[in-house]
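To keep things clear, I will list the structure first and then write my remarks on it.
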Amino acid sequence: TVRHVYTLARIQRTLDGQPLSVTGVAQDITERKQAEVERQQLLNQTRTLYHISESINEQIDLEGTLQVLANQLHEEVGFDTSWIALFDENNQGLTGMAGTGVGMTPDIINASHSIQQDNDPAVMAYKTGRPVVIDNIHTDERFASLPDEVKAFVGKLLEVPIISGSKILGVMAVSYQSPAAPDITQ
């Protein structure tokens with residue numbers, strides 16, 4: 001067994017400088033040395049985990065992740081369209097990040113929605129923090145001023161706020177092209 005010892009000693013000498021005696025203390029510091037080694041190992045592991053975390057954060061592609069979600073809503077859940085927008089602090093509006101489905105062009109997907117627009121279902125869901133359900137976008141007077149290119153491929157629409165803790169991050173929308181489609185809230 002290896003032991004670590006700390007020693008402190010004083011040599012007493014004769015008048016001509018010859019060693020006469022030694023007095024001192026020896027202390028077993030093996031446990032302290034082991035604790036130092038363990039602390040250094042933990043510090044190294046923490047640094048490694050930090051670097052891994054940094055690498056993961058650098059590799060996360062938010063738009064790609066949101067697009068996968070939009071695709072799954074469209075393909076696996078069966079909605080005709082899906083769209084995800086996040087709040088943009090700089091523009092003070094919702095900015096489209098991902099979308100797919102019938103009629104979803106890049107211009108529509110990437111559109112910005114000013115939070116000043118009171119007749120925009122995405123903005124309504126964002127401002128209220130509650131879902132907005134539209135059973136028939138063509139007959140709902142609240143949305144008469146929506147662009148025709150949106151009305152062309154949306155019949156039933158559900159806009160749901162994306163919330164983390166107490167903060168509303170954006171909006172997720174799903175729709176059916178036909179107002180006669182199944183109940184969108186099910």
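Note: hydrogens, waters and symmetry copies are ignored here, and every other heavy atom, side chains too, is used. All residue numbers refer to positions in the sequence shown, counting from 1.
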ILVMFWY cluster, [X] and [Y] together (side-chain gap under 4.5 Å):
{"X": "L43", "Y": "Y50", "value": "no"}
{"X": "V68", "Y": "F79", "value": "no"}
{"X": "I162", "Y": "I168", "value": "no"}
{"X": "L66", "Y": "V171", "value": "no"}
{"X": "V174", "Y": "L94", "value": "no"}

Has the side chain of [X] got a donor or acceptor atom that lies under 3.5 Å from a matching backbone atom of [Y]?
{"X": "D88", "Y": "T95", "value": "no"}
{"X": "N91", "Y": "G93", "value": "no"}
{"X": "Q67", "Y": "G99", "value": "yes"}
{"X": "H4", "Y": "D28", "value": "no"}
{"X": "E75", "Y": "Q72", "value": "no"}
{"X": "S175", "Y": "L157", "value": "no"}

Quiz item: Closest approach of L73 and S82, non-hydrogen atoms and distance?
Solution: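 Smallest interatomic distance, heavy atoms only, reads CB-CB, 3.8 Å.
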Is the count of non-hydrogen atoms from other residues, nucleotides or ligands lying under 6.0 Å from [X] atom [atom1] greater than 12?
{"X": "Q40", "atom1": "CD", "result": "yes"}
{"X": "R39", "atom1": "CZ", "result": "no"}
{"X": "K33", "atom1": "NZ", "result": "no"}

Quiz prompt | Stepwise side-chain contact (heavy atoms from CB on, under 4.5 Å) test for Q34 and V37 | solution = CA-CA 5 Å; Q34 287 172 336; V37 168; 5.7 Å; no
How long is the straight-line distance from [atom2] of [Y] back to [atom1] of [X], given to the nearest 0.5 Å?
{"X": "I84", "Y": "E63", "atom1": "CD1", "atom2": "CD", "value": "11.0 Å"}
{"X": "T23", "Y": "R10", "atom1": "OG1", "atom2": "CZ", "value": "6.0 Å"}
{"X": "L69", "Y": "H74", "atom1": "CG", "atom2": "NE2", "value": "13.5 Å"}
{"X": "K156", "Y": "N136", "atom1": "NZ", "atom2": "CG", "value": "8.5 Å"}

Quiz item: Hey, which of M97, E159, M172 is the one that makes side chain to side chain contact (heavy atoms under 4.5 Å, CB included) with W83?
Solution: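 For W83, the side chain to side chain contact (heavy atoms under 4.5 Å, CB included) test succeeds with only one of M97, E159, M172, which is E159.
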Quiz item: Which is it for D120 and Y126 under the side-chain contact (heavy atoms from CB on, under 4.5 Å) test, yes or no, and what are the steps along the way?
Solution: CA-CA 10 Å; D120 185 318; Y126 177 80; over 6 Å; no
Quiz item: Would you say the side chain of S114 lies within less than 4.5 Å of the side chain of V123, judging by non-hydrogen atoms?
Solution: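 Sidechains of S114 and V123: no contact.
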